Amino acid sequence: MTAQALRLLHTFSQQEFDRFARLSGDNNPIHVDHGFAAQSRFGRTVAHGLLLCSRLRGMMEQLSPGLRLQQQSVMFPAPTYAGDVMEFSVNITGQQGSETLLELQVKRVEDGVITCQGQARMAP
């Protein structure tokens, strides 16, 4: 029987935010400038949404090897901060024809706050 869910704990560092900014070219100060971020509604730097999605995408591949991403929809209801232990989860929720349906979630372990959630469809 194949796995139906995958979970991973990860604690991002500011250095990871900075490296992702350099690689992606997304140097929005909310991700890399402590002074700017301190004055924002978040109070400190936050992860790039696509950094979270990249980690989830790798997990989707592990859970559904050989399938390709057809569609993904995510939202970011709360920020992900450097130094917080985050739980990434990908769950197979069903099949629709040849497509595998997945639920995606990132939550802060300390308080259970969901910082990213969504769905994806994978197919051969």
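Note that this is a predicted model, so its numbers are computed, not measured. Keep in mind that the numbers below use all heavy atoms, side chains included, and drop hydrogens, waters and symmetry copies.
At distances below 3.5 Å, at least one donor-acceptor pair connects side-chain atoms of Glu16 with backbone N or O atoms of Ser13. A donor-acceptor pair under 3.5 Å is formed between the side chain of Asp33 and the backbone N or O of Gly35. Between the side chain of Glu87 and the backbone N or O of Val85 there is no donor-acceptor pair closer than 3.5 Å.
Counting heavy atoms from C-beta outward, Leu102 and Ser64 have side chains that approach closer than 4.5 Å.
With values rounded to the nearest 0.5 angstrom, Leu56 atom CG is found 9.5 Å from Gln105 atom CD. In this structure, CD in Gln14 is found 3.5 Å from OG1 in Thr45, a value given to the nearest 0.5 Å. With rounding to the nearest 0.5 angstrom, the CG atom of Asp26 is 4.5 Å from the NE2 atom of His31. Rounded to the nearest 0.5 angstrom, Arg44 CZ and Ile30 CD1 are separated by 11.5 Å.
Across every non-hydrogen atom of Phe17 and Thr80, the tightest pair is CZ-O, 3.9 Å. The nearest pair of heavy atoms linking Leu104 to Ala120 is CD1-CB, 4.1 Å. When all heavy atoms of Ala123 and Gln70 are compared, the closest pair comes out as CB-CG, 3.6 Å.
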Original post:
Would Arg55 and Met86 satisfy side-chain contact (heavy atoms from CB on, under 4.5 Å), going step by step from the backbone distance to the final call?
Top reply: CA-CA 11 Å; Arg55 177 58 58 125; Met86 305 303 295; over 6 Å; no
Test side-chain contact (heavy atoms from CB on, under 4.5 Å) on Cys53 and Val74 and set out the steps. CA-CA 8 Å; Cys53 289; Val74 294; 3.7 Å; yes
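Within 6.0 Å of the CD atom in Gln95, the count of heavy atoms belonging to other residues, nucleotides or ligands exceeds 12.
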